[in-house]
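Here the structure comes first, spelled out in structure tokens, and everything after it is commentary.
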Amino acid sequence: MTTVPPALSKKPLEKWMKLLLRFVAAFNVGAGLFMLIGYHETYKIIGMEKPGISFPIQLVGILVGLFGVGLLPGRQEPD
């Protein structure tokens, strides 16, 4: 069994890691919801015509949102 020297302790990193993971999780959930629900607004803003098939954009939104949900438990125990 090895001991960790005090200089390499993870305690100073825990606070910023939890804040960063919380921010990234919230950002991913928000971006995923926007891609799932508000993708048509982006096309209006940039002046493009909506594509006939929106499934790929919504699928990416679901995946990004799920990554965000998956990060939420990780912020409890970041090691």
Hey, any chance [X] and [Y] share a hydrophobic cluster, counting ILVMFWY side chains that come within less than 4.5 Å of each other, even indirectly?
X	Y	answer
V69	V24	no
L59	L36	no
W16	F23	yes

Looking at Y39, I want to see if its OH is surrounded by more than 12 non-hydrogen atoms of other residues, nucleotides or ligands under 6.0 Å.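 For Y39, atom OH is crowded (more than 12 foreign heavy atoms under 6.0 Å).
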More than 12 foreign heavy atoms under 6.0 Å from CD1 of I46: is that the case here?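 Yes, the 6.0 Å shell around CD1 holds more than 12 heavy atoms from other groups.
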Can you see which heavy atom on [X] is nearest to which on [Y], and at what distance?
X	Y	answer
V64	A31	CG1-CB, 4.3 Å
G68	A25	O-CB, 3.4 Å
V60	M35	CG1-SD, 3.8 Å

Apply the test side-chain contact (heavy atoms from CB on, under 4.5 Å) to residues V29 and F34: give CA-CA distance (whole Å), side-chain angles for both, the deciding distance (0.1 Å), then the verdict. CA-CA 9 Å; V29 169; F34 184 75; over 6 Å; no
How far does [atom1] of [X] sit from [atom2] of [Y], to the nearest 0.5 angstrom?
X	Y	atom1	atom2	value
L66	L71	CG	CG	11.0 Å
L72	F67	CG	CZ	14.0 Å
N28	L63	CG	CG	11.0 Å

Quick one, K18 and L21 - any side-chain contact, counting heavy atoms below 4.5 Å? no
Which residue pairs pass the salt bridge (charged side-chain N to carboxylate O under 4.0 Å, His left out) test with at least one member in residues 37-55, sequence neighbours excluded? E41-K44
